[in-house]
4 protein chains.
Amino acid sequence: MVNNNLLDEMAKILKKSNKQTVKQKKIIEVAITLFAEKGYSNTATSEIAKMAGVAEGTIFKHYGTKENLLLSIMVPFIKDFFPTMADELIGELMNDKCTFEEFLRAFLTNRIAFISENREIFQVVIKEIIYKEELKNEILPYILEAASVRLVKVIEIFKQRGDIKDIPNDSILKMLGTVMSGFFISNFILLNKKSISEDAIEDIVFFILNGFGQSPQ
Amino acid sequence: MVNNNLLDEMAKILKKSNKQTVKQKKIIEVAITLFAEKGYSNTATSEIAKMAGVAEGTIFKHYGTKENLLLSIMVPFIKDFFPTMADELIGELMNDKCTFEEFLRAFLTNRIAFISENREIFQVVIKEIIYKEELKNEILPYILEAASVRLVKVIEIFKQRGDIKDIPNDSILKMLGTVMSGFFISNFILLNKKSISEDAIEDIVFFILNGFGQSPQ
Amino acid sequence: MVNNNLLDEMAKILKKSNKQTVKQKKIIEVAITLFAEKGYSNTATSEIAKMAGVAEGTIFKHYGTKENLLLSIMVPFIKDFFPTMADELIGELMNDKCTFEEFLRAFLTNRIAFISENREIFQVVIKEIIYKEELKNEILPYILEAASVRLVKVIEIFKQRGDIKDIPNDSILKMLGTVMSGFFISNFILLNKKSISEDAIEDIVFFILNGFGQSPQ
Amino acid sequence: MVNNNLLDEMAKILKKSNKQTVKQKKIIEVAITLFAEKGYSNTATSEIAKMAGVAEGTIFKHYGTKENLLLSIMVPFIKDFFPTMADELIGELMNDKCTFEEFLRAFLTNRIAFISENREIFQVVIKEIIYKEELKNEILPYILEAASVRLVKVIEIFKQRGDIKDIPNDSILKMLGTVMSGFFISNFILLNKKSISEDAIEDIVFFILNGFGQSPQ
DNA sequence: GATGAATGAGGATTCATTCAT
DNA sequence: CATGAATGAATCCTCATTCAT
């Protein structure tokens, strides 16, 4: 069972993560790999213990429950994904006179790098959010809110600069969400890609800007 | 373990489903609901049995294993999704002088209707394909192949008619895949929507054709 | 659970065996093969049904319980083994002037033939008598009694004729039992032989008569 | 399924048995009793657990599967029976001028003592070898080989000393195997004897040496 | 007589979790 | 901190048996 307040949970968990033993790191490392590959439900704590070279008891000494071990993996990632995300980029953006295309390219490149570096954790997070209704209901609203707040600002700026069509923010958000969730899930979850080529980024940037329909001449 | 040849599996499974008992139908019905909601791994056969008003043994009498029960649900759906998909639409398309926009609208409307009608099964299929590496490796190639073959034909036609930009088929396929997987997964899995408004369809059609970038005047 | 009175059981079972359907014969045939190979406990009635090309219900229609199916196989064999055994041989013996060696050879040849013809049933009987304490306690006394009664007569005759050493009957019975049970079990159960060569019979006859120790000269 | 190499299996199993918990010993003890009495197939792990005063999980923690529990009982016995068997006896024999009769008496006394001390394990081993074709095919060849190798040496020695008739080794081996398997199975399995009287040993020794036929004067 | 769908008690096995050391 | 033996509820699955057709 996940606690009501996800943020409280985060606080609790992160406090512990300060002084992580070697064994703790190994446990988390192995857990991520196994959860990513086989899913949380199909991974036994005994398996994690064995692969981590640790006694089963040790896992529970540190994380209390298996569910809490999962959260110790998911929460920091989720907490990091959005803040790190646009905040700094948006900063640069405000000053610069960069175009939406430039922003989009920088933004995608940045987030793709982040996910590539944390590929397995990303897989765990997405798989479990999708798989467990309970988790989904708890985490998804937080994610949506965090993303919306940031993206709306950006959209507004570029609308004013005339780089984005005059479509309701809401529609744009949905499209962007659709394309990005599709892009990340297709590549990192379904196709299990380890990295994304620059060409692929160019393709998606072009597509988001122009679509692939041919306007009648 | 899933057999190598998915089609053989289908054949076997469908043969049995000819003379389905009332209890069998109830089992499948309940299994779909529970698998869709909680995931295959988190659903006990005893729970299915209880909810279906059936003895647990009855499930195994008919489906042998829990895994096979899952396949009995997934396979017919997968087998149906693509053939039914474009084949008839493509038929109409050949004769008609419909534009790509019209095709896209008709196509999306049609597939959305199909998924809406089989919403829970769709959830089961996607969740399990994403969750179990094993299943993914077995089913995904089949799906990708089935989809590609059909879509490439369509893309070629509309390219010749001048309705689609002159971009490599491969790139278009990827974009289309990205958008559609994103659209279906966002709406039917993450947001758990039961239906899609016509407006939303219009939005996505417009977006696919034009993107939301503003070309500099 | 076996009934108290084995003979009653026999009576009941044999009555039914008069008008055996084709399906019944097939059931018995398959049951013998499977029980002989894998043991009663490791053979499912569903397996018997499938191999016999019969519905599972049919087995229970005819034999009521799985245990009773086993008895339907074992009892006639046991009932036949001893009477058929020596009775006729002893008959000839009384008149004839045959030696103990001749009798022994004829006797062994005759019983070996009987077992060879009913090899699988013999395996079922022995395996189950050995395996199930319950069955053993019920059947073994009957067998020992039936064997003793007949063999003692024979031993007496040949003792009078001076063909057998002057050893207590009881000791001779034990030795004979030991050798014969050892011979039958070794060959037909452990080594799974289908027939016994005449040479092997000669060997055992010679051994029973003379042992293989060399009397000091 | 038993591994191909029985000796590897032994090694693995014996390693674990070094530091046996009190509970583990109790489990083995109870398992032996129940397997001996009712057979492996007719004994539930839950029953073993209950009688051993242990949780059912504990059994599987230590032995993994029920089959492996069986092997943990059988293998050490089999591994011990033959080596311990003749090796030391043969040692004495080489130096001494003992007769075949003396050897036979010592040998039987020794082996009977061993089996008496491990009566229940012996019952388990024999019952399961006889009952399960699979186990039989795997273990029997090993046993036959181990026994033959040792006994042939002995037979050769006594033949040279003129204590054994000039019969082919092979025939003598078969006879000896027949008599001994018959003796052990009759007494310890069928008649469930706990010990063998000295008189009975004398009888069998005499019989093996001389048979009970009366040579014509 | 024969069927086969349905049963439900029981069986082997798994697994998160606890606790004494 | 760390261990690993022990737990027992829960899980998937088997199987002899019943019964309506």
Side-chain angles (χ1 to χ4, degrees), chain A residues 19 21-24 27 40-50 52-69, chain B residues 19-24 27 41-50 52-69, chain C residues 19 21-24 27 40-50 52-69, chain D residues 19-24 27 41-50 52-69:
Chain A
K19 12 174 181 164
T21 353
V22 185
K23 302 227 169 198
Q24 273 185 71
I27 290 168
Y40 171 82
S41 292
N42 300 319
T43 304
T45 50
S46 64
E47 204 183 348
I48 297 171
K50 199 195 291 177
V54 172
E56 239 183 307
T58 307
I59 294 176
F60 289 89
K61 209 71 182 176
H62 287 300
Y63 303 97
T65 64
K66 190 189 172 192
E67 172 113 26
N68 202 46
L69 171 61
Chain B
K19 358 170 184 170
Q20 256 189 214
T21 327
V22 184
K23 304 228 170 195
Q24 271 186 73
I27 289 168
S41 291
N42 300 318
T43 304
T45 50
S46 62
E47 203 181 349
I48 298 171
K50 200 192 290 177
V54 171
E56 212 176 337
T58 306
I59 294 175
F60 290 91
K61 201 75 182 178
H62 287 301
Y63 302 97
T65 63
K66 190 187 169 192
E67 169 117 25
N68 202 47
L69 171 61
Chain C
K19 11 172 182 169
T21 355
V22 185
K23 303 226 169 198
Q24 273 186 72
I27 289 168
Y40 171 82
S41 292
N42 301 318
T43 304
T45 50
S46 63
E47 205 182 348
I48 297 171
K50 199 195 290 176
V54 173
E56 236 183 309
T58 307
I59 293 176
F60 289 89
K61 209 71 181 176
H62 287 300
Y63 302 97
T65 64
K66 190 189 171 191
E67 172 112 27
N68 203 45
L69 171 60
Chain D
K19 358 172 186 170
Q20 257 190 212
T21 327
V22 184
K23 304 229 170 195
Q24 271 185 73
I27 290 167
S41 292
N42 300 319
T43 304
T45 51
S46 62
E47 204 182 348
I48 297 171
K50 200 191 291 175
V54 171
E56 215 176 335
T58 306
I59 295 175
F60 289 90
K61 202 75 182 177
H62 288 300
Y63 303 97
T65 62
K66 190 187 170 194
E67 169 119 24
N68 202 46
L69 171 60

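Convention: sequence-line order gives letters A, B, ...; per-chain numbering from 1.
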Checklist entry - Within the side chain of T65(D), is there an N or O that forms a donor-acceptor pair under 3.5 Å with the backbone of N68(D)? => result yes
Item to check | Nearest-nucleotide pick for A55(D), side chain only, options being dA6(E), dG8(F), dG8(E) | outcome: dG8(F)
Checklist entry - Minimum heavy-atom separation for S41(C) to N42(D), with atom names? => result OG-OD1, 2.8 Å
Item to check | Atom pair distance, as rounded to whole Å: CD in E47(A) and C1' in dA16(E) | outcome: 14 Å
Next on the checklist: What is the distance, to the nearest angstrom, from the CZ atom on F60(A) to the C1' atom on dT7(F)?
Outcome noted: 13 Å
Checklist entry - So how far is it from H62(C) NE2 to T21(C) OG1, rounded to the nearest 0.5 Å? => result 4.0 Å
Checklist entry - So does T45(A) get a side-chain nitrogen or oxygen closer than 4.0 Å to the phosphate oxygens (OP1/OP2) of dC15(E)? => result no
Item to check | Separation of atom CD in Q20(D) from atom P in dA5(F), rounded to whole Å | outcome: 12 Å
Next on the checklist: Both distances below 3.5 Å, Watson-Crick or wobble geometry, any strand: find the nucleotide opposite dG8(F).
Outcome noted: dC15(E)
Checklist entry - Does a nitrogen or oxygen in the side chain of T21(B) sit under 4.0 Å from OP1 or OP2 of dA6(E)? => result yes
Item to check | Interatomic distance where NE2 belongs to H62(C) and P belongs to dG1(E) [whole Å] | outcome: 6 Å
Item to check | side-chain N/O T58(D) vs dT7(F) OP1/OP2, d < 4.0 Å | outcome: yes
Item to check | Selected nucleotide, minimal atom distance to K23(C) side chain, candidates dA2(E), dT7(E), dG11(E) | outcome: dA2(E)
Item to check | N/O (side chain, K61(C)) to phosphate O (OP1/OP2, dT18(F)) under 4.0 Å | outcome: no
Item to check | Side-chain heavy atoms of T45(D) within contact of L69(D), under 4.5 Å | outcome: no
Item to check | Counterpart base for dA20(F), defined by Watson-Crick or G-U wobble contacts under 3.5 Å | outcome: dT3(E)
Checklist entry - Quick one: which of dA6(E), dA2(E), dG11(E) gets closest to the side chain of A44(D)? => result dG11(E)
Next on the checklist: Distance check needed: dA5(F) C1' versus I59(D) CD1, whole Å only.
Outcome noted: 14 Å
Checklist entry - CD of E56(B) versus P of dC12(F): gap in Å, rounded? => result 7 Å
Next on the checklist: With a 4.0 Å limit, can you tell me whether K66(C) has a side-chain N or O closer than that to the phosphate oxygens OP1/OP2 of dA16(F)?
Outcome noted: yes
Checklist outcome for this item: L69(A) atom CG is separated from dC15(E) atom P, nearest whole Å, by 15 Å
Checklist entry - Is it the case that E56(D) and S46(D) place a side-chain donor and acceptor less than 3.5 Å from each other? => result no
Checklist entry - When the nearest nucleotide of DNA chain E is assigned to Y40(A) and to V22(B) on a heavy-atom basis, which residue is associated with the more 5' position? => result V22(B)
Checklist entry - Nearest-Å distance, CD1 (I48(C)) to C1' (dT14(F))? => result 15 Å
Checklist outcome for this item: Contacts of S41(B) and G53(D) projected onto DNA chain F by closest heavy atom; the upstream (5') one is G53(D)
Checklist outcome for this item: Of all heavy-atom pairs linking K23(B) and V54(B), the shortest is CD-CG2, 4.1 Å
Checklist entry - Is T43(C) touching bases, backbone alone, or none of the nucleic acid, heavy atoms closer than 4.0 Å? => result sugar-phosphate
